[in-house]
Amino acid sequence: MEDYIVSAMAAGEQIRAFACTTRNLVEHARSIHNTSPVMSAALGRMLTAAAMMGSMMKGEKDILTLQIKSEGPAGGITVTADSSANVKGYANVSEVIIPAKPNGKLDVSGAIGPGTLRVIKDLGLKEPYVGEVALQTGEIAEDLTYYFAVSEQVPSSVGLGVLMNRDNTVRQAGGFIIQLMPYASDEVIGILEENLKSLSSVTTMLDGGDTPESMLGKVLNGLDIEFTGKMGCAYKCNCNRERLERVMLSLGRKELDEMIAEGKPVEVGCSFCNTKYVFTPEELAQLEEAGGI
Ligand code: ZN
């Protein structure tokens, strides 16, 4: 199945909802970062959430960043998305190995540990919107649910899941975000809560053959669902040599001089896609001059 996101309204616009399947993009992230299974799950959940939250933005140049900074072995995870649901991301530590939970599930919260979740929306205004909350569980879906409630005052339900194959490739990935509008009635909320209580996990649904559409059909059962859109989502990095030149310049004169003095080419990789860029000492010197440092 191709990666895509569907959006819907339900109960006469009292609920807005998004669901997606992201197996291909999460597998792509796993393969470029060579993540351990628990980190494939952690990064995959973040990328899945970012794809849906990116698709909620309107402007072509709008950029969403989700950033976890935490005290667990993963250290943190950064992902970004644009409004076309192109996503990219990385974990500070890709190869965290920790025991599974007693129920056999990957221990994402153990890898992440206590910390903070930041949501940055650059909507082309003077200042980006920044919301920050303390991590509630480190399982990511619950943390985003908390973020939506506290920072955006939108009661939401977030489900995210990544299921791994035995060979550590990604078998299923996807998620949903359900949001209540301020005028949602108690009756609608009651039906939604009952549906969520009896709902299987995202990966169980996807592995059982569900699509984003049918997942939303289950979550919003009895609530008169109306699909409003569908868009593809993908892992895409927009790095180029110019961007990396700016990164090199940001290191400052002293560090660049030291690199030049070493007399060897310097290889720098993009954090998001691992593309390697090589700078010779001559190129670094030119860069210093052109950059005026
Ligand atoms: Zn890149």
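Residue numbers count from 1 along this sequence. Whatever order the structure lists ligands and atoms in, that order sets their numbers, starting from 1.
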Out of curiosity, does Y146 fall in the hydrophobic cluster containing L180 (side-chain heavy atoms, cut-off under 4.5 Å, transitive links)?
no

Salt bridge or not for K254 and E258, using N-O below 4.0 Å?
yes

Charged N-O contact under 4.0 Å between E139 and K105:
no

Kindly indicate whether the side chain of F176, heavy atoms from C-beta on, has any atom under 4.5 Å from the side chain of S157.
yes

Who are the ring pair (Phe, Tyr, Trp, His ring centres under 6.0 Å) partners of Y235, not counting sequence neighbours?
H28

What protein N/O/S atoms sit under 2.8 Å from the Zn ion (ligand 1), by chain and number?
C237 SG, C239 SG, C270 SG, C273 SG

Picking from V158, V219, N195, what satisfies side chain to side chain contact (heavy atoms under 4.5 Å, CB included) with I178?
V219

